[in-house]
**Student:** 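One structure is given below, represented as C-alpha cells, and several questions about it will come after.
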Amino acid sequence: MRRSGDHRYRSAARVRLAAVLALSMLAVLLLNACSNNESSVFHTSSEETALNNVSRVPWDYRIVESTVGDLIGSDMTISPDNELMPNDENYATGDKVWALQYMDAELTTDANERSNVQLSAWSTIKTFKTQADAKNDMANLKVAVTTEIDLIGVYKTQYKDQTRNFAVLELPSGNRIKQPIDDKRYTELEKKKKVSVQLEEIHDFADYDSAYAKFRGWAG
C-alpha cells in the first residue's frame with residue numbers, strides 16, 4: 001500500500017513539473033514574439049529619444065510698494081508676501097519701502113528647436129527708500145536696444161482658405177523665435193538675411209554680463 005501511494009505521489013509531481021515547464025516555455029515564446037513586433041510596448045527606438053537643452057535665464061523685473069513687518073535680528077519681513085530680507089537701512093516695523101522683484105525662466109529647447117518657457121514666481125532681491133531709487137536701479141537691468149539680428153527665414157502656412165505668414169529670428173542669446181507677419185512684411189523680408197528690431201535685454205542682477213534678449217517689435 002505504501003509503495004502504491006508513493007508511486008501515485010511521484011507521478012502527480014512529474015505531471016505538475018511538466019506543466020510548469022510547458023508554461024515557462026510558452027511565456028518565453030510570447031516575450032520573444034513581442035520583442036520582434038515593432039508596435040509592441042516592449043519595443044524602444046533610440047531614434048525617438050532626444051536630449052533637451054535646458055537653460056535658466058533672467059526674464060523680468062518689477063517694482064512693488066511694500067511694508068516692513070517683523071524685525072528678526074538684522075533681517076525684516078516685508079508684505080504682502082512676508083519675505084525675509086536683510087534690514088540694511090535700519091527700517092522700522094510699518095515703514096513703506098519699494099521692493100525690486102525679479103522673475104527668471106527655464107527654457108527647454110528640443111531637437112526641433114522648439115522652445116518651452118516655464119516662469120518662476122516673483123522674488124524680492126532688494127529694497128529702496130524711494131520709488132525713484134528703485135527705478136534707477138531697474139533701468140540698468142532692463143535695457144531697450146535697437147539692433148540688427150539674423151533672420152533665419154520666412155514661411156507661409158495654409159489652413160482651408162486662410163494663410164498665415166511667419167518670420168524666424170535668432171536673438172543675440174542664441175534662442176530662435178517665431179513672429180507672425182503680414183503679407184507686406186513677408187515680401188520685405190523674403191530675401192533678407194538681417195533685420196532691424198527692437199529688443200529688451202534683461203540682465204542678471206548678480207552677473208550683469210549674463211542677459212536674455214526679448215523681442216519687442218520691428219525697427220524702421
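Heads up: numbering here begins at 1 and tracks the sequence. In what follows, every heavy atom counts, from backbone to side chain, and hydrogens, waters and symmetry copies are set aside.
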**Student:** Are the side chains of V143 and H203 in contact, using a 4.5 Å heavy-atom criterion?
**Tutor:**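 A side-chain contact exists here, since the closest heavy-atom pair is under 4.5 Å.
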**Student:** Work out which heavy atom in G69 is nearest to a heavy atom in T93; give both atom names and the distance.
**Tutor:**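 So the two residues come closest at O-OG1, 2.8 Å.
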**Student:** Do I202 and W59 make a side-chain contact, defined as non-hydrogen atoms from C-beta onward lying under 4.5 Å apart?
**Tutor:**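 Heavy-atom side-chain distance check fails, nothing below 4.5 Å.
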**Student:** Report the distance from atom OG1 of T77 to atom CG of L84, rounding to the nearest 0.5 Å.
**Tutor:**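 Between atom OG1 of T77 and atom CG of L84 there are 7.5 Å.
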**Student:** Please examine the side chains of V168 and V154, heavy atoms only from C-beta on, and report whether any two atoms are closer than 4.5 Å.
**Tutor:**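 Of all side-chain heavy-atom pairs linking V168 with V154, none is under 4.5 Å.
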**Student:** I'd like to know if R56 pairs up with E106 as an ion pair, taking the criterion as any Lys NZ or Arg NE/NH1/NH2 lying under 4.0 Å from an Asp or Glu carboxylate oxygen.
**Tutor:**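 Between E106 and R56 there is a salt bridge, with a charged N closer than 4.0 Å to a carboxylate O.
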**Student:** E190: what forms a salt bridge (Lys or Arg N to Asp or Glu O under 4.0 Å) with it, not counting sequence neighbours?
**Tutor:**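 Counting only residues at least two positions away or on another chain, E190 forms no salt bridge (Lys or Arg N to Asp or Glu O under 4.0 Å).
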**Student:** So S196 and T146, do their side chains get closer than 4.5 Å, heavy atoms only?
**Tutor:**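 When only atoms from C-beta onward are counted, S196 and T146 do touch, with a gap below 4.5 Å.
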**Student:** Once salt bridge (charged side-chain N to carboxylate O under 4.0 Å, His left out) is applied, what residue pairs with a partner in residues 58-82 remain, sequence neighbours excluded?
**Tutor:**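 Matches after skipping sequence neighbours: D60-K142.
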**Student:** Quick check on E148: does its CD atom have over 12 non-hydrogen neighbours (other residues, nucleotides or ligands) under 6.0 Å away?
**Tutor:**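 Atom CD in E148 is crowded, with more than 12 foreign heavy atoms closer than 6.0 Å.
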**Student:** Where do I78 and A99 come nearest, in terms of heavy atoms and distance?
**Tutor:**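 Heavy atoms of I78 and A99 come nearest at CD1-CB, 4.2 Å.
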**Student:** Mind checking whether V54 and L171 sit in one hydrophobic cluster, side chains of I, L, V, M, F, W, Y counted as touching below 4.5 Å?
**Tutor:**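 Not linked; separate clusters.
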**Student:** To the nearest 0.5 Å, tell me how far N90 CG sits from M76 CE.
**Tutor:**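 Rounded to the nearest 0.5 Å, the CG-CE separation comes to 10.0 Å.
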**Student:** Might you work through the side chain to side chain donor-acceptor pair (under 3.5 Å) test for N87 and S74, ending with a clear yes or no?
**Tutor:** CA-CA 6 Å; N87 188 6; S74 60; over 6 Å; no
**Student:** With under 30° as parallel and over 60° as perpendicular, where do the rings of Y155 and F166 fit, or are they tilted in between?
**Tutor:**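 Y155 vs F166 ring planes: parallel.
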**Student:** Do D150 and K193 sit within salt-bridge range, that is, some charged N less than 4.0 Å from a carboxylate O?
**Tutor:**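 No salt bridge links D150 with K193.
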**Student:** Under 4.5 Å between side-chain heavy atoms, counting indirect links through other Ile/Leu/Val/Met/Phe/Trp/Tyr residues: same cluster for I152 and L189 or not?
**Tutor:**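 No, separate clusters.
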**Student:** Can you tell me how far apart OH (Y212) and CG (N175) are? Round to the nearest 0.5 Å.
**Tutor:**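 That separation rounds to 4.5 Å.
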**Student:** I'd like to know whether NZ of K184 has more than 12 heavy-atom contacts from other residues, nucleotides or ligands below 6.0 angstrom.
**Tutor:**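 Atom NZ in K184 is not packed in, count stays at 12 or less.
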**Student:** Just how far is it from atom NZ of K194 to atom CD of E170, taken to the nearest 0.5 Å?
**Tutor:**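 K194 atom NZ to E170 atom CD measures 9.0 Å (nearest 0.5 Å).
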**Student:** Can you check whether L151 reaches L169 side chain to side chain, under 4.5 Å on heavy atoms?
**Tutor:**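 Yes, side chains in contact.
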**Student:** For I149 versus P172, what's the shortest heavy-atom pair and its separation?
**Tutor:**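 Distance-wise, the nearest heavy atoms are CG2-CD, 4.1 Å.
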**Student:** Could you state whether F215 and V145 fall into the same hydrophobic cluster, counting links through intermediate Ile, Leu, Val, Met, Phe, Trp or Tyr residues with side-chain heavy atoms under 4.5 angstrom apart?
**Tutor:**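 Same cluster: F215 reaches V145 through Ile, Leu, Val, Met, Phe, Trp or Tyr contacts under 4.5 Å.
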**Student:** Rounded to the nearest 0.5 Å, how far apart are OG of S66 and CG of L100?
**Tutor:**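 The distance works out to 10.5 Å.
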**Student:** Measure from the side-chain N and O atoms of T130 to the backbone N and O of D133, and report whether any donor-acceptor pair falls under 3.5 Å.
**Tutor:**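 Confirmed, T130 side chain pairs with D133 backbone.
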**Student:** What's the verdict on side chain to side chain donor-acceptor pair (under 3.5 Å) for D183 and N165, showing C-alpha distance, side-chain angles and the deciding distance?
**Tutor:** CA-CA 7 Å; D183 291 337; N165 309 322; 2.7 Å; yes
**Student:** Measuring from L141:CG to K126:NZ, what's the distance to the nearest 0.5 Å?
**Tutor:**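 With rounding to 0.5 Å, CG (L141) is 9.0 Å from NZ (K126).
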**Student:** Heavy atoms, side chains only, cut-off 4.5 Å: are N116 and L107 in contact?
**Tutor:**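 No. Closest side-chain heavy atoms not under 4.5 Å.
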**Student:** Mark yes when over 12 heavy atoms from residues, nucleotides or ligands other than Y102 sit less than 6.0 Å from its OH; otherwise mark no.
**Tutor:**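 For Y102, atom OH is not crowded (no more than 12 foreign heavy atoms under 6.0 Å).
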**Student:** Answer yes or no: is there a side-chain heavy-atom contact under 4.5 Å between E89 and F128?
**Tutor:**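 In short, these two side chains do not touch, never coming nearer than 4.5 Å.
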**Student:** Per the ring-ring contact (aromatic ring centres under 6.0 Å, His included) rule, what does the pair list look like for residues 174-194, sequence neighbours excluded?
**Tutor:**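 Passing the test, one end in residues 174-194: no pairs.
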**Student:** Can M85 be reached from V97 by stepping across I, L, V, M, F, W or Y side chains whose heavy atoms are under 4.5 Å apart?
**Tutor:**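 Same cluster.
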**Student:** With a 4.5 Å limit on heavy-atom distance, are the side chains of E83 and Q101 in contact?
**Tutor:**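 Side-chain contact under 4.5 Å: yes.
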**Student:** Between V64 and V68, is there a shared hydrophobic cluster once you connect ILVMFWY residues whose side-chain heavy atoms come closer than 4.5 Å?
**Tutor:**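 Not linked; separate clusters.
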**Student:** Please say whether more than 12 non-hydrogen atoms of neighbouring residues, nucleotides or ligands are located less than 6.0 Å from OH in Y208.
**Tutor:**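 Yes, enclosed.
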**Student:** What's the shortest heavy-atom distance between L119 and A105, and which atoms?
**Tutor:**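 Nearest heavy atoms, L119 then A105: CD2-CB, 3.7 Å.
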**Student:** Taking atom CD of Q162 as the centre, does the number of heavy atoms from other residues, nucleotides or ligands within less than 6.0 Å exceed 12?
**Tutor:**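 No.
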**Student:** If you compare all heavy atoms of S120 against all heavy atoms of M103, which two are closest, and at what distance to 0.1 Å?
**Tutor:**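 Smallest heavy-atom distance, with atoms named: O-CG, 3.4 Å.
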**Student:** Hey, is CZ on R164 packed in by over 12 heavy atoms from elsewhere, all under 6.0 Å?
**Tutor:**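 At most 12 heavy atoms, drawn from other residues, nucleotides or ligands, come within 6.0 Å of this atom.
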**Student:** Are K135 and W98 in a cation-pi setup, meaning NZ or CZ lies under 6.0 angstrom from the ring centre and within 45 degrees of the ring axis?
**Tutor:**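 Ring-cation test returns no.
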